[in-house]
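Here's the structure, in structure tokens; my notes come after.
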Amino acid sequence: MLLALLVTQPVAGSIPTIADSYQQAEAGEAYAGGGAYSHLQGRKAFLQPADNLDFSNKLDFKIGESIFAKLWVFSPSSTSASDGLGPLHNARSCMGCHIGGGRGHVPSGNWPQDNAISMLMRLSIAPQNEQQKQLLVAAKVPSIDEPNYGSQLQDFAMQGLLAEGRINIEYTEQIVELNGGQQAVLRHPKYSITDLKYGPLHPSTMTSVRVANPMIGLGLLEAIDEQDLLALEDIDDRDGDGISGKANRVWQHSSQSVEIGRFGWKAGSPSLNQQNSSAFATDMGLSTVLLDNSHQGDCTALQTRCTNAPDGRSTHLAGVEVAPQMSEVLLTFVRNIAVPKRIDIDDPEVLAGKAVFYQTGCTSCHQPKFITKTTADIETEQAGQLIWPYTDLLLHDMGPALADNRPEFAANGSEWRTAPLWGIGKTAAVSAKTEFLHDGRARSLLEAILWHGGEAQEIRDKVVTMKNEQRTQLIKFLESL
């Protein structure tokens with residue numbers, strides 16, 4: 001009963017106050033997901049149902065997990081509930097990108113040594129006419145698709161078609177000298193596309209490489225009050241602290257209106273249902289009720305063999321390829337994946353690292369905690385939870401070194417959503433690798449910090465100049481999340 005009070009009791013008013021004392025852990029801090037936690041650690045820690053998930057919904061959760069792991073096939077097929085995989089695609093399943101519910105992997109080498117199954121390359125061009133400019137101004141599209149290849153490079157294809165191309169990565173190394181005689185080595189990626197099969201790219205093509213995000217706690221992020229996020233905005237840096245977060249304004253297909261973005265590396269999606277449907281559409285070429293015209297995926301008008309290929313739409317599936325019931329149980333699964341319980345929160349080194357994290361200014365973007373909404377549109381499991389995601393879900397300028405120079409809705413080419421940090425210390429256990437940031441370039445948490453620039457430059461520089469002991473404590477704290 002005491003635990004329930006600590007993690008689910010709503011507190012009226014504003015965002016919870018950030019701690020300024022670090023002698024002991026705060027009440028409820030071990031339960032970063034509030035009541036939506038799991039005790040399980042290890043490889044399957046990011047696929048567990050939230051502890052507070054109602055028993056009647058646990059079957060839907062497990063069925064949703066099976067949809068998440070389902071391997072889709074091309075049409076026509078005798079398995080009509082599993083066919084319709086896009087003639088061009090990036091993966092055959094959600095799990096193919098979100099490995100074990102965790103982060104995607106950077107390829108171990110360029111094609112044919114390895115494929116980029118959990119890494120995507122987004123494509124777009126500058127607007128070419130007034131109509132395209134107006135679509136961008138009205139936030140009805142995130143960007144303008146590249147005319148030959150669409151919104152995303154597709155590196156897999158059905159038999160008889162050619163994959164669009166391959167992502168090629170070349171790394172150069174940079175040594176960063178740290179106070180105390182330590183060094184860190186950053187790898188700078190340079191991206192190109194090889195083996196293009198459908199003509200040249202448009203001269204103004206912009207590209208952005210992304211690896212898949214972890215899946216934990218997404219329903220809780222969806223349940224954060226929009227007003228709490230907007231209260232953290234400081235677009236013009238009126239307080240003069242150098243931090244000027246802003247919410248992305250994106251198109252909500254269900255309401256046909258502009259809403260606040262929450263999901264994706266640039267907060268380009270406003271809801272989990274839309275995020276799921278967009279992934280079905282672009283990554284796998286599957287249509288849903290929300291995006292019912294995506295049965296040919298990301299095929300362009302110039303790819304006639306792709307647009308004329310059979311699809312999996314069926315009347316018994318409501319005229320789409322992913323039946324409405326499948327979308328519903330997948331949403332239940334995605335919305336209720338538990339945030340693993342933290343361990344070692346009272347360890348003196350962890351508490352010392354928490355002090356370093358907070359006092360260095362990291363919480364300016366990585367907002368420690370929220371209390372989720374209790375409105376009628378929020379499911380019981382996500383309502384009124386004290387959560388510790390360490391994100392403000394806002395866009396921040398991260399400087400030229402991390403810039404992809406590609407806009408997405410209101411996000412410019414150097415702005416990224418603050419990544420949630422909960423569960424980040426379990427990356428190695430879940431993914432067997434530690435690859436962080438939007439393209440997985442950082443091989444450690446320290447490298448990820450050292451890539452921060454722009455609004456975070458001053459904080460990053462403090463990490464460089466702090467004592468070795470403090471850096472060790474900072475990483476210890478992050479690993480405890």
Side-chain angles (χ1 to χ4, degrees), residues 10-19 32-34 36 136-142 213 217-275 278 335 358 361-379 382-398 407-422 454-456 459:
V11 177
S14 60
I15 300 167
T17 302
I18 295 177
L136 292 174
V137 168
K140 291 191 174 182
V141 295
N213 269 307
L218 298 182
L220 297 167
L221 298 180
E222 190 174 45
I224 296 173
D225 196 313
E226 178 181 303
Q227 295 308 309
D228 286 344
L229 300 178
L230 296 178
L232 296 171
E233 272 194 311
D234 188 14
I235 297 173
D236 300 317
D237 191 20
R238 287 168 294 182
D239 60 7
D241 67 351
I243 307 297
S244 53
K246 73 178 185 184
N248 204 352
R249 269 71 175 179
V250 308
W251 190 251
Q252 171 86 280
H253 287 278
S254 61
S255 63
Q256 292 290 290
S257 63
V258 176
E259 305 290 345
I260 299 299
R262 298 171 187 250
F263 304 105
W265 283 106
K266 287 182 180 274
S269 189
S271 70
L272 288 175
N273 187 41
Q274 185 162 316
Q275 179 80 353
S278 296
R335 188 172 276 161
Y358 281 53
C362 303
T363 57
S364 298
C365 300
H366 292 283
Q367 170 69 29
K369 51 188 172 179
F370 293 91
I371 295 171
T372 58
K373 295 189 294 184
T374 57
T375 49
D377 59 316
I378 301 301
E379 300 291 338
Q382 286 82 49
Q385 300 295 321
L386 172 60
I387 62 172
W388 306 69
Y390 285 92
T391 177
D392 57 11
L393 297 181
L394 300 180
L395 300 169
H396 294 274
D397 186 339
M398 295 299 292
E408 184 175 329
F409 288 114
N412 67 35
S414 62
E415 290 177 324
W416 299 94
R417 182 197 69 158
T418 304
L421 297 182
W422 52 12
E455 296 174 37
I459 295 168

#### Entry: Separation between CG of L395 and CD1 of I235, rounded to the nearest 0.5 Å
9.5 Å
### Query
Just by modelled atom types, is the T418 backbone N or O under 3.5 Å from a matching donor or acceptor in the T391 side chain?
yes
#### Entry: Heavy-atom donor-acceptor pair, D234 side chain to G245 backbone, under 3.5 Å
no
### Message
With a 4.5 Å cut-off on side-chain heavy atoms, are F370 and L229 touching?
### Response
yes
#### Entry: Straight-line distance of S414 OG to H396 NE2, nearest 0.5 Å
12.0 Å
### Query
Can you find a pair of side-chain heavy atoms, one from L220 and one from P389, that are under 4.5 Å apart?
no
### Query
Do the side chain of D236 and the main chain of R238 share a donor and acceptor less than 3.5 angstrom apart?
no
### Task
For residues C362 and Y390, determine if any side-chain heavy atom of one lies less than 4.5 Å from a side-chain heavy atom of the other.
no
### Message
Please check: side-chain N/O of K369 versus main-chain N/O of T17, any donor-acceptor pairing under 3.5 Å?
### Response
yes
### Query
Taking side chain as C-beta onward, heavy atoms only, is R262 less than 4.5 Å from V250?
no
### Smallest separation among heavy atoms of P420 and L221, with atom names
CG-CD1, 3.9 Å
### Task
Tell me, with the steps shown, if V141 and W251 meet side chain to side chain contact (heavy atoms under 4.5 Å, CB included).
CA-CA 7 Å; V141 295; W251 190 251; over 6 Å; no
#### Entry: Gap between atom CD1 of I459 and atom OG of S364 - 0.5 Å precision
5.0 Å
### Query
At what distance, to the nearest 0.5 angstrom, does CG of L394 lie from CD of E415?
10.5 Å
### Message
Just verifying a value: how many Å separate L393 CG and I224 CD1, rounded to the nearest 0.5 Å?
### Response
5.0 Å
### Query
Atom CG of D397 and atom CH2 of W416: how far apart are they, to the nearest 0.5 Å?
11.5 Å
### Candidate pair R417 and N213, rule side chain to side chain contact (heavy atoms under 4.5 Å, CB included), full reasoning
CA-CA 12 Å; R417 182 197 69 158; N213 269 307; 4.1 Å; yes
### Query
Of the non-hydrogen atoms in S255 and S257, which two are nearest, and what is the gap between them?
OG-OG, 2.6 Å
### Summary
In short, A419 meets W265 closest at the heavy-atom pair CB-CZ3, 4.5 Å
### Task
Verify, without hydrogens or angle tests, whether T372 (side chain) and Q382 (backbone) share a donor-acceptor contact under 3.5 angstrom.
yes
### Task
Locate the shortest heavy-atom distance separating I387 from G34; write the atom from each residue and the value.
CG2-N, 4.2 Å
#### Entry: Validation row: D228, I371 side chains within 4.5 angstrom (heavy atoms)
no
### Message
Please find the pair of heavy atoms, one from P16 and one from Q367, that lie closest to each other, and give the distance.
### Response
O-NE2, 4.2 Å
### Task
Looking only at non-hydrogen atoms, find the nearest pair between K373 and D377 and report the distance.
NZ-OD2, 3.6 Å
### N273-S271 side chain donor-acceptor pair, cut-off 3.5 Å
no
### Message
Please determine whether side chain to side chain contact (heavy atoms under 4.5 Å, CB included) holds for the pair D239 and D237, giving the CA-CA distance in whole Å, both sets of side-chain angles, and the decisive distance to 0.1 Å.
### Response
CA-CA 5 Å; D239 60 7; D237 191 20; 2.9 Å; yes
### Query
So, does E233 use its side chain to make a donor-acceptor pair with the main chain of A247 at under 3.5 Å?
yes
### Query
Hey, does the side chain of E222 reach the backbone of L272 with a donor-acceptor pair shorter than 3.5 angstrom?
yes
### Query
Got a salt bridge between K246 and E455, using NZ or NE/NH1/NH2 to carboxylate O under 4.0 Å?
no
